[in-house]
Amino acid sequence: MNYPVIVDVTLRHGIADPEGATIERALPALGFTGVTNMRAGKSFRMDIDAESESAALEKAAALAQRLLSNPVIENASARSGAKG
Amino acid sequence: MNYPVIVDVTLRHGIADPEGATIERALPALGFTGVTNMRAGKSFRMDIDAESESAALEKAAALAQRLLSNPVIENASARSGAKG
Amino acid sequence: MKIGVVVFPGSNCEYDALNAVQSLGVEAEFIWHTNTDVEGFDGVILPGGFAHGDYLRPGAIARFSPVMEAVARFASSGGAVLGICNGFQVLTEAGLLPGALQKNAGLTFLCQPTTLVVESTASVLTRGATKGQELVVPINHFSGAYTCDDATLASLEANDQIVLRYTQNPNGSRDDIAGVRNVEGNVVGLMPHPERAMSTLLGSADGRVLLEGFVRAPVGAH
Amino acid sequence: MTQAPEPLHRALGLNDEELEQIVAVLNREPNPLELALYGVMWSEHCSYKSSRIHLRRLPSDGAHVLVGPGENAGVIDAGDGIAVAIRIESHNHPSAIEPYQGAATGVGGILRDVFTMGARPLALMDPLFFGELDDARQRWLVEGVVAGISGYGNSVGVPTVGGELTFDECYASNPLVNVLCCGALPRERLVLGVASGVGNLAVLLGSSTGRDGIGGVSVLASAGFSGEDGAESLDDAKRPSVQVGDPYEEKRLIEACLELLDRGLVLGIQDLGGAGLICATCETAARGGVGMDVDITAVPLREAGMQPYEIMTSESQERMLAIIKPQNWDDVARLCAKWEVRASIVGHVVEPSIDAHGNAVGMLRVRRGFDGEILGEVPARSLADEAPLYDRPRLRPSSLDAMRLDEPTSEELRGLANEQLLELLIDPAWVYRQYDSQLFLNTVVGPGRDASLLRLAGPGLPASNRGIALSTDSNPRWCALDPRVGTALSVAESIANLACVGASPKALVNCLNFGNPEHPEVMWQLSESIDGMAEACRAFEVPVVGGNVSLYNESGGNDIDPTPVVGLLGVVDSLLAPPPGWNWTSGDAVMLVGVRHAGGANPFPLAGTRWATQRGRRGGTIAPFEPRALKETFAFVAREISVICAGAPSDVTAVHDVGSGGLATALAEMASETGLGAQVLELESHAELFAEFPGRFVMTTNDVEGFIARAARAGVAVEMVGTVGGTALAIGSSIDLDVTQLSARRRHALADALHTAL
Ligand SMILES: Nc1ncnc2c1ncn2[C@@H]1O[C@H](COP(=O)(O)OP(=O)(O)O)[C@@H](O)[C@H]1O
Ligand SMILES: [Mg+2]
């Protein structure tokens with residue numbers, strides 16, 4: 001079976017995020033106030049061939065660790081990409 | 001009140017995704033098979049000051065449209081970032 | 001004749017653009033991005049660089065700078081506007097030019113000479129060149145792959161809006177597109193850097209024909 | 001059995017004698033915060049305690065030297081009212097952990113060293129050393145480091161114009177990432193980081209402060225220093241984190257600082273590098289002979305709950321300290337606001353205290369509020385300048401004699417020269433094409449040639465037709481066999497590279513990458529290498545204006561080969577036309593310029609060559625260093641080329657020095673760049689194809705007699721060895737290669753080894 005999966009990659013706590021900070025600084029000028037703690041991250045959607053959804057998620061988690069994220073500065077997690 | 005919100009930005013259907021394609025090509029060499037349709041996207045987490053969660057999500061959706069995505073090539077949507 | 005070079009925080013080719021224009025004997029001045037008008041200028045250049053660090057997307061934050069409203073007004077009244085590299089990205093983000101620029105197909109920054117073909121001379125940038133002319137001009141970018149949907153491409157073709165193409169596509173740009181213009185031809189954007197090809201001492205003087213065209217008396221001014 | 005907890009000073013990297021010395025300085029026990037300050041400031045990285053006594057042997061004088069070693073960057077007078085600043089540094093260990101950010105923050109740091117002097121950074125170089133690429137981790141390191149330099153350098157808007165790329169198994173777990181920056185300023189604007197004038201303010205500019213790179217001090221987090229129970233775990237929030245570079249912040253910081261200097265609003269600026277705020281404040285105070293009060297509550301923080309020692313020692317990037325007069329504060333704040341650079345008053349310059357002997361002693365006081373509690377108080381100079389200096393034991397490695405006798409010979413490999421040559425050809429373009437090498441419209445010769453050559457021009461500089469040339473060089477294999485001679489030859493090699501673009505050397509900076517200084521063999525290597533550098537710099541009359549020492553480059557107890565990297569700055573007096581480069585023309589005569597044979601017993605030494613190393617032969621005796629003939633050859637070549645740069649006609653059409661890979665490689669590189677072959681006469685021996693020793697150049701000319709006559713007048717040996725033309729590179733009976741094939745092989749070698757697309 002083929003399962004849609006999403007891997008989310010976010011910066012680890014305490015790691016500086018210049019991109020998020022720069023976006024946040026730009027917001028007031030655009031009329032957006034009250035937005036704080038902006039953090040930029042990445043996501044990857046893919047279809048995974050596996051026995052079950054949980055097997056697909058496991059595979060995605062391994063992929064996330066090995067290739068899609070840099071564990072020194074990022075956290076990664078996998079979730080189902082099926083429309084809820 | 002302050003609500004955690006996540007904005008997901010993905011490439012529009014039909015727009016080429018060299019990053020996703022490159023990752024997909026690299027997978028078999030790393031021992032990952034059966035992964036297809038890899039698409040790279042972005043996500044932004046933030047805290048939004050609003051009356052209600054739905055107001056926060058509305059604000060985030062506007063932000064997503066106006067700044068966080070480029071509608072020429074990307075789609076964007078907002079969701080609650082609270083731990084489910 | 002006076003050319004304005006817009007400076008956003010993070011721009012880094014502003015001096016190069018200024019020097020290139022001045023080397024053609026034309027007056028040029030910086031315009032700080034918080035300015036709300038571009039009055040007194042006969043042409044405006046958005047230079048290369050990394051405005052706002054290229055964070056989010058190249059040009060995404062810069063296009064909201066106050067000066068961009070002025071640039072849009074200037075453009076709609078027929079003023080000559082040129083976006084080079086990051087400036088091109090800003091113009092597409094601002095909707096002043098069609099399409100978008102994505103990461104290079106190879107996912108690395110590229111600094112190398114490219115050969116361009118002039119596809120249309122109906123623009124403020126290429127009016128001094130001849131159709132089919134080949135020019136050696138360097139590229140220096142990470143996000144230079146020109147992207148648009150099929151309908152946009154068809155209309156670009158139909159309206160002769162593709163101004164420059166690469167002879168050997170370096171970055172995965174759709175249809176080898178290196179530069180485009182708006183329908184009227186007074187707004188042009190390109191990824192290669194003509195201001196870096198102004199003298200054989202630096203490798204090529206082929207950019208001169210482009211910038212000389214740009215700094216010529218404005219369209220419809222005579 | 002529970003182990004006794006390690007005493008705090010040792011956990012902070014201070015030994016018992018150092019603690020005693022601190023107690024003597026303070027006349028009391030230091031408190032934990034004070035101990036932490038000494039821990040970082042007296043670390044090897046900040047204090048050079050193992051190398052300083054040796055570095056003093058390097059010559060640093062010259063009539064044109066404006067600022068020598070010891071400042072943030074060396075500065076020379078380049079003429080026409082322009083001063084040029086140059087500096088090199090390593091970022092080896094951070095790059096091994098997180099290659100992208102490690103390399104990126106290395107670039108950021110070296111830029112700050114240069115604009116601290118008031119100079120606008122105009123060029124970067126990046127000597128890189130990795131293990132062999134058949135290992136996936138090395139490929140990951142290479143891609144990450146190159147992407148990091150590209151990502152930061154391009155965005156901050158300073159061209160990266162050259163570097164080096166070396167692969168050797170000794171760097172497998174300890175890659176070296178060195179970065180050099182060169183900048184220029186109007187001569188009269190030179191500023192030094194001095195905090196003079198009681199009542200003046202220390203203003204922190206740039207990023208907020210987080211827990212980034214709190215190196216050795218991180219042990220405090222688990223040492224119960226914060227007053228909590230010592231069992232506090234190193235959870236995610238407390239773990240010292242990787243420094244993340246923000247080139248956008250740095251770009252604004254550069255522009256803001258240069259504008260502050262232009263407008264005369266600052267008395268001095270100092271970058272925050274290793275050891276962060278403590279280093280910047282104590283160094284500026286020590287230089288000015290004054291005291292400084294630092295208010296930790298005035299430092300903008302990125303994270304909650306940071307301890308005073310964390311605030312004082314954090315290595316958060318993109319920060320500078322400016323010393324200003326109080327009446328200028330409003331203007332400074334306004335200017336910083338324009339560039340969106342944060343500015344906060346964090347320090348006050350105060351009167352020095354008078355000690356028991358009646359001497360004025362500038363005290364650095366860390367306070368909670370300028371009128372608040374004093375958390376720590378130490379003499380600024382004791383932190384900045386009075387770290388203990390060590391003359392560590394040195395020992396010539398016992399294995400050296402046997403190694404030197406193990407001479408590689410070419411005998412058994414005759415007949416395979418074609419393939420051997422192809423194996424040596426690597427075009428580093430895959431690396432440098434990721435770097436913007438053209439910013440500022442100055443780059444006449446960019447990366448990929450012998451040396452880089454730039455117009456000496458930039459925003460705010462007086463007009464000039466001069467050019468500056470830059471080259472970085474090292475040869476760890478030579479240095480492993482003979483650190484003294486190997487280093488001297490590396491300096492010579494660097495001068496040869498400059499000569500190829502018509503430049504004569506004006507100043508040298510060095511980055512001494514060595515192993516563990518507690519190994520006597522490493523200290524011997526370091527000391528020998530410094531002597532070799534000193535000897536070469538004296539012989540060639542090149543002052544050493546700065547340097548950096550990176551020790552403890554080891555892994556699993558194995559030290560890297562000694563890797564002294566030299567960065568050389570040269571000047572071309574008139575740069576109106578590009579130098580000829582490698583592009584030879586059909587019909588030209590190929591001339592071998594310089595002494596054809598190495599001095600000493602072996603005319604074509606293969607020891608330490610790339611050819612020998614590639615075949616696992618790491619022994620032998622390298623060529624001796626004989627400066628007299630080298631000097632004449634370098635001067636001749638530099639003159640021949642500088643004439644062309646000045647716009648005069650010349651019969652010389654191409655030039656390339658014979659460097660790593662030897663004569664065959666130099667010829668192959670010229671053929672490959674031009675797409676044109678050459679017929680070269682039989683060489684004296686197979687070894688001549690690949691032997692390495694500086695002092696030889698390949699030049700082509702369309703007037704053989706004229707060229708030979710000029711060389712004869714200069715007393716320089718030249719021989720015509722072949723003719724350019726055809727589709728093959730043929731060298732006697734040993735090499736015959738199709739140029740198209742050779743070029744393709746060279747162009748793809750690196751991308752193929754990295755398993756990536758070109
Ligand atoms: N890491 C790098 N970054 C930029 N340029 C590089 C790098 N490595 C090598 N180069 C460039 O490639 C050319 C060849 O380098 P190298 O083989 O070390 O030269 P040489 O042996 O003549 O000193 C030089 O111009 C150098 O600047
Ligand atoms: Mg060389």
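The structure displayed is predicted, hence computed values, not measured ones. Below, read A as the first sequence line, B as the second, and so on, with proteins coming before strands; counting in each chain starts at 1. All heavy atoms count here, side chains included; hydrogens, waters and symmetry mates do not.
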Under 4.5 Å from any heavy atom of chain B - which part of L67(A): side chain
Max heavy-atom pair count under 4.5 Å with chain B, selected residue of N37(A), L27(A), N2(A): N37(A)
Toward chain B, the part of L68(A) with a non-hydrogen atom under 4.5 Å: side chain
Minimum heavy-atom distance A50(B)-A56(B), with the two atoms named: CB-N, 3.6 Å
Any residue of residues 29-36 of chain A which, by heavy atoms, sits under 4.5 Å from chain B: L30(A), F32(A), T33(A), G34(A), V35(A), T36(A)
Straight-line distance of L63(A) CG to M38(B) CE, nearest 0.5 Å: 5.0 Å
For S43(B) against I6(B), the heavy-atom pair lying closest together: CB-CG2, 4.4 Å
Engaged part of A62(A) at the chain B interface, taking heavy atoms whose separation is under 4.5 Å: both
Donor-acceptor contact below 3.5 Å, side chain R45(B) vs main chain G81(B): no
Portion of D8(B) that has a non-hydrogen atom of chain A nearer than 4.5 angstrom: side chain
Pairs flagged by side chain to side chain donor-acceptor pair (under 3.5 Å) wherever residues 61-75 of chain B is involved - sequence neighbours left out: N70(B)-E93(C)
Nearest-0.5 Å distance, CG of residue D17(B) to CD of residue E24(B): 9.5 Å
Pair listing, side chain to side chain donor-acceptor pair (under 3.5 Å) test, anchored in residues 50-62 of chain B, at least two apart: S52(B)-S54(B), E53(B)-S80(B)
Salt bridge (Lys or Arg N to Asp or Glu O under 4.0 Å) partners of D47(A), counting only residues at least two apart: none
